[in-house]
Amino acid sequence: MAVPNATPPPGLVEPTETLLIDNFDSFTWNLYQYLCILGANVRVVRNDALTPEDFPKLNIKNLIISPGPGHPKTDSGISNDAIKYFAGKLPVLGVCMGLECVVDAYGGTIAYAGEIKHGKTSKVRHDGRGIFKGVPQGVVSTRYHSLSADSKTLPEDLAITAVTQESGVIMGVRHRQYTIEAVQYHPESIMSDGGDSILKNFLLLKGGTWEENPEFMGTTEPAILDDTNSKPPTILEKIYAQRIKDVEVAKATPGTTEADLNTLLSLHLAPPSIPLIPRLRARSPALMAEVKRASPSKGDIALGTNAAQQALTYGLAGASVISVLTEPTWFKGSLLDMRVARQAVDSLPNRPAILRKDFILDEYQIMEARLHGADTVLLIVAMLPPERLQALYSFSLSLGMEPLVEVNNATEMERAIELGAKVIGVNNRNLHDFQVDMGTTSRLATMCAEHDITLCALSGITGPEDVRGYVKEGVGAVLVGEALMRASDPAAFIRHLLDIPPAANVSPAPKSTLVKICGIRSKEHAKVAIESGADFIGLVFAPQSKRFVDVATAAEIVQYVRIGGQPLAIPPSSSAGNLPWFANSATRLEQSLKATKRPLLVGVFQGQSLEEIQHIVAAVQLDLVQLHGVEPAHWAKHIPVPIIRAFHLPAQSEANGSAAVGQKPSLDAGLREITRPGYNEFILLDAVRPGATLSGGAGVAVDWAMARTIVDGGEVPSSSSSVPPLPLPVILAGGLTPENVAEAVATVRPWAVDVSGGVETDKVKDPAKIRAFIAAVKGAPSSHPNSADFSSVMQ
């Protein structure tokens, strides 16, 4: 077989049966080989190797426009001009992009096909005429495209000749007068059926009109592809049909049957929900931030997105609702995405409500949503008959979820209002053709004016100008998806979108570090700690400790410390925004310290039972509990006061090869739990003495470089590589003394420090050392943010 000449000589005057215009696609050569096997004499030229002035010089019998990437308006080179010039003169065949070029050349629209097919097959229904003469119905076609001809704008000159059986996407068009044929799929593919017949038929065509080829056209024109009864389904109809199948599969799967879901709900295994309406009305305008990897209108948007991390970023930046796409075929979402998104924000003090964004058509899906952590679901009026809409709305309410009811026109708005919907979203995108009209919300807003309805604007919102305009029209919330998913810094984009002032920089020296004097065993030493300015007093209840204090003595010390002070009352979190779990806990505790006007009393336990800890907390009236052993994290849920949990780091003497400041340390399984939110409110870092497995009481210093790296690593990732994470508030313990504590504070930047043996002489608390230690800490500069700085950073 001859090697194709991709760079023909000037003029191209040599007789050539077939000219194949290459739109820079490797499939061109597959097509070339197939045609050569069929006996054709083929010459290949790139779409930029000719000009319209060359066309009259060409001596060819037919023309083929090859597949290619991109859009025919921008990426097809000379192809469209060639189609127009040779129309009526000789046969023309377009393949894949070639079809799009034919439609575009005659004034049609090339748009998203409603589905993305790359290397996928579909069965094709055709009219049996022209190139489809003698080709069986239902042949398998191989597809590599996301664009296709829009049937609504197809020019009168062109007729639809083939569509996919399952979705009605146009797979073939033909000029009604000229011998111009085109197919959207790849007949040359090894996976396509009937490709040889199609290409043979094309090579047998002669002249430029169908009048010259009566044997290919039959006596009557079939109407099956052009009549209204065979109108291709809309994108919404395709998705609806697929979701019906998906639900039936899920219902039939052991473990996820409808009965199973009812049982799980009856066992209260669904996480607690929050009401949607108060969450939306807490901020104006409220932001509904969406996790969306792809869409039928845009194709792939952000396939690599981690739903949990994206949701946490949204929650910390001020989103009131997090919308999670759970539809897998077109939007690349899942129920797992929604579950981990919910888990990621569960520990936030003002966590966003979770919306299941899907095509809900069955009560089963609402049960799924509730079990996976949703607080609300989307009900699309355009998709649901009135009785189904009412049934699904009522069922959602029965599970404690006020639905978001979506409309797109006045008729649908009337149905939503008659339904009694309290939250109505106007989708600016028509789900039948996915066209966006930003005026849709504006036109429908007045219909809600006399009703107690929270109106939401959905789709197409890209900037603060859109938001400001909608707020003036009474819109209470906006849903933003694609713009957020494409933003390099989602948190900064949210501030820009909602006109929130930029985050303030953290002050380098906002306050003095807090101090805990641990191992107090007498009222006298407690008095010294109080007078010296200690923020915490630690009482050790671990029997094996040399600083053990019995319950009776501890009760006396507690009673003495409480004289003149106030009971501990942790203030509620601000409703204005969100802080990560540990930053929020530190902020609230600092506020309570100011209110109590005394040190807080901490009971230290190691290796004791939960029952014993609970008993001592009640008997002694402790303010906090420090778990210094390997106690399970979930014990925090059963102890009625805030928890400090100790994490055991290598000592400086054993930290050979440890990470330098700024480098990520190598953490064992226990240390990887440091930033797990929702259980202990505070983190204490202590050193393990050589040969031991647990820290505490040995006077061994922590590896400060590792501790600093943990602090700088923060508790949640930053939303931008250019913005460092908010520092992790930790309590630094281990080997601290009046002489080294200032250096430790400067190196590690802890939120608080904890000392015991470092302020003792002959194993007894030394008042002079206590005073010196606290003075050294309070006089040392600290660049760790205080509560005001935490709040300003996260706004």
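No hydrogens, no waters, no symmetry mates; every other heavy atom, side chains included, goes into these values.
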Next item on the list: Give a yes or no answer on whether the side chain of N59 reaches the backbone of T16 with a donor-acceptor pair at less than 3.5 Å.
Entry: no
Item checked: Donor-acceptor side-chain pairing of N80 and D104 below 3.5 angstrom -> yes
Margin query: Tell me if the NZ atom of K206 is crowded by more than 12 foreign heavy atoms within 6.0 Å.
Written below: yes
Notebook entry, point to check: Are E188 and N30 linked by a side-chain donor-acceptor pair shorter than 3.5 Å?
Noted result: no
Margin query: Looking at L303, I want to see if its CG is surrounded by more than 12 non-hydrogen atoms of other residues, nucleotides or ligands under 6.0 Å.
Written below: yes
Next item on the list: Answer yes or no: does atom NZ of K200 have more than 12 heavy-atom neighbours from other residues, nucleotides or ligands under 6.0 Å?
Entry: no
Check: Is a side-chain donor or acceptor of H126 paired with a backbone partner of P136 at a separation under 3.5 angstrom?
Finding: yes
Margin query: Under a 3.5 Å distance rule, please check whether D22 uses its side chain to pair with a backbone N or O of D25 as donor and acceptor.
Written below: yes
Check: In this structure, are over 12 heavy atoms from other groups packed under 6.0 Å from E156 atom CD?
Finding: no
Check: Does NZ or CZ of R174 fall inside the cone over W210's six-membered ring, less than 6.0 Å from its centre and within 45° of the axis?
Finding: yes
Check: Going by atom types alone, do N23 and S79 pair a side-chain donor with an acceptor below 3.5 Å?
Finding: yes
Next item on the list: Please state whether the rings of H186 and Y144 are parallel, tilted or perpendicular, taking 30° and 60° as the class boundaries.
Entry: perpendicular
Checklist line | Salt bridge present between D157 and R176 (N-O < 4.0 angstrom) | finding: no
Next item on the list: Taking atom CD of E211 as the centre, report whether more than 12 heavy atoms of other residues, nucleotides or ligands fall under 6.0 Å from it.
Entry: no
Check: Do the ring planes of W29 and Y32 sit parallel (below 30°), tilted (30 to 60°) or perpendicular (above 60°)?
Finding: perpendicular
Next item on the list: Ignoring hydrogens and angles, tell me if any N or O in the side chain of T161 forms a donor-acceptor pair with the backbone of V173 under 3.5 Å.
Entry: yes
Notebook entry, point to check: Is atom NZ of K61 surrounded by more than 12 heavy atoms (other residues, nucleotides or ligands) closer than 6.0 Å?
Noted result: no
Next item on the list: Look only at the side chain of R43 and the backbone of L19, and say whether a donor-acceptor pair between them is shorter than 3.5 Å.
Entry: no
Next item on the list: Without swapping roles, check the side chain of R293 against the backbone of G333 for a donor-acceptor pair under 3.5 Å.
Entry: no
Next item on the list: Quick one: closest heavy-atom pair of R388 and E363, and the distance?
Entry: NH2-OE1, 2.9 Å
Check: Hey, does L455 have a side-chain heavy atom less than 4.5 Å from the side chain of L444?
Finding: no
Item checked: Electrostatic pair R46-D48, nearest N-O below 4.0 angstrom -> no
Check: Taking T18 for the side chain and A40 for the main chain, is one N or O donor matched with an acceptor at less than 3.5 Å?
Finding: no
Next item on the list: Identify whether the distance between the nearest side-chain nitrogen and carboxylate oxygen of R243 and D358 falls below 4.0 Å.
Entry: yes
Notebook entry, point to check: T121 side chain to V140 main-chain N or O, any donor-acceptor pair under 3.5 Å?
Noted result: no
Check: Between S192 (side chain) and T142 (backbone), is there a donor-acceptor pair under 3.5 Å?
Finding: yes
